[in-house]
**Q** 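I'd like to ask you about the structure that follows.
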Amino acid sequence: MTKLAKPFYTRPDVVQISRELIGKYIFTRMDGVLTGGRIVETEAYCGENDLACHSHSGRRTTRTEIMFQEGGMAYVYLIYGIYCLFNIITNVAEKADAVLIRAIEPTEGIPEMLLRRNHTQVTPKLTAGPGLVTLALGISKKHYGTDLTGDLIWLEDLGELIPENQIISSPRVGVDYAGEDALLPWRFRLKNSRWTSKAK
DNA sequence: TACGCGATGGCCT
DNA sequence: GGCCATCGCGTAC
């Protein structure tokens, strides 16, 4: 089986995990319908010493509570009153690290994803952006806390090896409020992929 | 192509 | 009450 298991998520280096997730696949099976694709863009958020992270310096609230649990679960939250963003909790309990999935290359269940996005053509607009990924995959706030080793939302390693020099790292999107931490190069993208988001 | 901006709700001060 | 880990539409060239 190629499904990523618990030990993948419970490692301590969220930046490394974020980089490794490029080239992995994410799948959902909502009401029996399989959809998914190859991950081409991620961002790492570290609970310790990262002002851009919702759970930084022990900020433990109703919203962030799940981040303090053991890695391998979903952190989904609402942004701008409209969009849900999907994050993967990593690390051991009490550490509160997470990886945001920002873009995927659609491979599975494309007709269903087109329906969910109200699109007729398959273009990067389908899944290039964190709010668009959740729409296409059918992920919403009710998936907060979902176990990613289960059969609703999961990740797979299909054996593709992405060379280190094919991964671009740069500052994260939309975190200017985080001061110096906004400069951390914790956004990872697959080089030459047309499926990544355009935002700087 | 490149912007400006409104939508919309929950979180946190 | 201000601020978001965003997106898509409109206007202007």
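A note on names: the letters A, B, ... follow the listed sequences, proteins ahead of strands, and every chain is numbered from 1. Since this is a predicted model, take the numbers as computed values, not measurements. Below, each value reflects all heavy atoms present in this structure, side chains not excepted, and no hydrogens, waters or symmetry copies.
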**Q** Between P on C/dA5 and CD1 on A/Ile88, what's the gap in Å once rounded to a whole number?
**A** 18 Å
**Q** Side chains of A/His54 and A/Tyr75: do they bring a donor and an acceptor to under 3.5 Å?
**A** yes
**Q** Measure from NE2 on A/His119 to P on C/dG8 and round the result to the nearest Å.
**A** 6 Å
**Q** So A/Thr61, base contact, sugar-phosphate only, or nothing? Heavy-atom distance under 4.0 Å.
**A** sugar-phosphate
**Q** Tell me the interatomic distance from A/Asn87, atom CG, to C/dT6, atom P, rounded to whole angstroms.
**A** 11 Å
**Q** Choose from C/dC7, C/dA5, B/dA7 the nucleotide whose nearest atom is closest to any side-chain atom of A/Ile82.
**A** B/dA7
**Q** Side chains of A/Arg63 and A/Ser55 only: does a donor on one sit below 3.5 Å from an acceptor on the other?
**A** no
**Q** By nearest nucleotide on DNA chain B, pick out whichever of A/Arg59 and A/Tyr83 is the more 5' one.
**A** A/Tyr83
**Q** What's the closest nucleotide to the A/Leu78 side chain, out of B/dC12, B/dG10, C/dA5?
**A** B/dG10
**Q** Rounded to the nearest Å, what distance is computed from the CZ atom of residue A/Arg172 to the C1' atom of nucleotide C/dT6?
**A** 17 Å
**Q** A/Lys95 side chain to A/Thr10 main-chain N or O, any donor-acceptor pair under 3.5 Å?
**A** no
**Q** Write down the distance between CD1 (A/Ile79) and C1' (B/dC11), rounded to a whole number of angstrom.
**A** 10 Å
**Q** Without swapping roles, check the side chain of A/Tyr177 against the backbone of A/Ala52 for a donor-acceptor pair under 3.5 Å.
**A** yes
**Q** Only pairs with both distances under 3.5 Å count, Watson-Crick or wobble alike; so what is the partner of C/dA12 in this structure?
**A** B/dT1
**Q** Measure OH/A/Tyr144 against C1'/C/dA5 and give the value in whole Å, please.
**A** 16 Å
**Q** Could you tell me how far apart A/Tyr177 (OH) and B/dC12 (C1') are, to the nearest whole angstrom?
**A** 13 Å
**Q** Does any non-hydrogen side-chain atom of A/Arg117 lie less than 4.5 Å from one of A/Leu132?
**A** yes
**Q** Under 4.0 Å from OP1 or OP2 of B/dC11: is there any side-chain N or O of A/His54 that close?
**A** no
**Q** In whole angstrom, give the distance that lies between atom CG of A/Asp97 and atom P of C/dA5.
**A** 17 Å
